[in-house]
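Presented below is the structure to which this report refers.
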2 protein chains.
Amino acid sequence: MVQKNKPPPAAKIGAPAVPKRRGRPRAYEPDVALGKALDLFRRAGFAATSLDDLSAATGMNRPSLYGAFGDKRELYIKSYRRYRDDARAAMGAVFRDEAPLRQRLERIYAIALDIYLSGEAGPRGCFTVMTAGSEAVSDPAIRAMVLEGLTELDKAFANCFRLAKERGELAGSADTTALAHLASSTIHTIAIRARACVPRKELEAIVKGALDVMCGPK
Amino acid sequence: MVQKNKPPPAAKIGAPAVPKRRGRPRAYEPDVALGKALDLFRRAGFAATSLDDLSAATGMNRPSLYGAFGDKRELYIKSYRRYRDDARAAMGAVFRDEAPLRQRLERIYAIALDIYLSGEAGPRGCFTVMTAGSEAVSDPAIRAMVLEGLTELDKAFANCFRLAKERGELAGSADTTALAHLASSTIHTIAIRARACVPRKELEAIVKGALDVMCGPK
DNA sequence: ATTCTTTTGTACCATTTTGAACAAAAATCC
DNA sequence: GGATTTTTGTTCAAAATGGTACAAAAGAAT
């Protein structure tokens, strides 16, 4: 039931960010606990993940879970936020840099496949897509996050295509919005197929085919 | 708790398919009950739909539900089968006829949007996509159905594009498999977005953009 | 050493959920 | 009419679930 046995880490000299909490020290690290919770939610979804499961996986007992993250719904939302932060961190650099279009897209899809296919208990897919499919969409706050996630991806892809068009990598007649939606569609389709255990090779072939259509064959 | 009050329908003269069942007659029609169950599962997914919900919606009490469809998992599977049969029935004609490519695809997407956006309690999305996202994929039988649904759609689209190519509606260099995957991707993306309550107009715009890329602008 | 603060861990509660048992009901067959 | 068959409707039981109360524990502040 204990997350780690290490004694409280000797505070680094001159680390002002840790002003010595007052009461009994936590037996868990909130970040790793949230990661475990995210793992569970990604595997089974909201309803099928019980607080007992979460308690076991995080090494925190129920009251601690409440104290740290609130009730199940709040924990789900925080897990989702964590997922999106991670995804943003992984893709952000590629979306910000200015490499040739095809190269950037290839990198994005490679990262996406890593995210969707990782996990010991089978591929985990995309949390945004899973949440959209779950009962959680009936919750307005959660639905807003899903919508936000979808449009954020659309916009990031649209930027890629616009830049490529400016640079002459794409025909002047290209519809960058439509292409961006196709790029997102491809993300969505591989997320779904990954969940159904389609092997990586096939997913990569689907991505390659989509890239050939969107960017012209290499 | 009763599905309908109508007395047992007077058997049509010369209808040999109804050999008069022996015991107490059913108070429900299996087909409409299964339809109600499907509605519930589509709204909330497997785990979040309880047998009580199903019992209330179908007008059957629990033991009858068991007798008719087996346990919850079996009922889910039968609902899924029903969903797929319905979808096949709705799209089959379009996939079988030989109208011009763009027209056929437009019809398919219109039907898909009808399916995904229908429902009083918010849009219901695509059951295949929802199931893929749910905990149900960890069940091998269900996962197999999902995979089957995905590849069936791929193949139907691939046939459309192959035929179009033979007819010269498409460039000889067109990669029909890649185009089919893009067509499926577009189905998947609108299913997901529908679930997130993106309005029909926007979904139609996404479809139009995808069609322009796949078939060439109209 | 004592007090105060925060977290932990156990125990508990109310509700929901799945599933099964079983007698009553409603029809057909003889 | 009586036996048989099938479904219904009530009821129960066992387990799981989300959430909370509360005393013990572990550290800092005084």
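Since the model is a prediction, treat every value here as computed from it, not as a measurement. Here is how names work: the chains are called A, B, and so on, in the same order as the sequence lines, proteins then strands, and each is numbered from 1.
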Kindly give the atom pairs (protein nitrogen or oxygen, nucleotide nitrogen or oxygen) under 3.5 Å for nucleotides 2-8 of chain D.
residue : atom : partner : partner atom : Å
D:dT6   : O2   : B:R24   : N            : 3.0
D:dT7   : OP1  : B:R21   : NH2          : 2.8
D:dT7   : O4'  : B:R24   : O            : 3.4
D:dT8   : OP1  : B:A27   : N            : 3.0
D:dT8   : OP2  : B:S64   : OG           : 2.6

- Item | Distance test, side-chain N/O of B:Y66 to OP1/OP2 of C:dG19, below 4.0 Å | yes

- Contact summary for A:G45 and A:M130, nearest pair of heavy atoms: N-CE, 4.0 Å

- Separation of C:dG19 atom C1' from B:R73 atom CZ, nearest Å, is 16 Å

- Atom CG of B:L51 to atom C1' of C:dA20: distance rounded to whole Å? 12 Å

- With sequence neighbours left out, the residues meeting side-chain contact (heavy atoms from CB on, under 4.5 Å) with A:S50 are A:D52, A:D53

Using atom types as modelled, flag every donor-acceptor pair under 3.5 Å from a side chain in residues 146-157 of chain B to any protein atom, sequence neighbours excluded.
residue : atom : partner : partner atom : Å
B:E148  : OE2  : B:R84   : NH2          : 3.0
B:T151  : OG1  : B:L147  : O            : 3.2
B:T151  : OG1  : B:E148  : O            : 3.1
B:E152  : OE1  : B:R88   : NH1          : 2.7
B:E152  : OE2  : B:R88   : NH1          : 2.8
B:D154  : OD1  : A:R193  : NH2          : 3.0
B:D154  : OD1  : B:S184  : OG           : 2.6
B:D154  : OD2  : A:R193  : NH1          : 2.7
B:D154  : OD2  : A:R193  : NH2          : 3.4

- Hits for side-chain contact (heavy atoms from CB on, under 4.5 Å) against A:A87, two or more places apart or cross-chain, chain-then-number order -> A:I115

- Can you find a donor-acceptor pair, distance only, under 3.5 Å between B:R62 side chain and C:dG19 base? yes

- What integer distance in Å separates A:L75:CG from D:dG18:P? 11 Å

Return a table of donor-acceptor pairs under 3.5 angstrom between the side chains of residues 202-211 of chain A and protein atoms on other chains or two or more places apart.
residue : atom : partner : partner atom : Å
A:E204  : OE2  : A:R200  : NE           : 3.0
A:K208  : NZ   : A:D212  : OD2          : 2.7

- Item | Length of the line joining A:D52:CG and D:dG19:P, which is rounded to integer Å | 12 Å

- Message: Please report the distance, rounded to the nearest Å, between CZ in B:F69 and C1' in C:dT18.
- Response: 18 Å

- Looking at residues 136-146 of chain A, who's got a heavy atom less than 4.0 Å off DNA chain C? none

- A:F41: ring-ring contact (aromatic ring centres under 6.0 Å, His included) partners, not counting sequence neighbours: A:Y76

- Message: If I compare all heavy atoms of A:L117 with all of A:V198, which pair ends up nearest, and what's the gap?
- Response: CD2-O, 4.5 Å

- Between C1' of C:dT16 and NZ of A:K72, the distance in whole Å: 13 Å

- Sequence neighbours excluded - side-chain hydrogen bond (donor to acceptor under 3.5 Å, both in side chains) pairs with any residue from residues 134-147 of chain A: A:R73-A:D139

- Hits for side-chain contact (heavy atoms from CB on, under 4.5 Å) against B:C160, two or more places apart or cross-chain, chain-then-number order -> B:F95, B:L101, B:R104

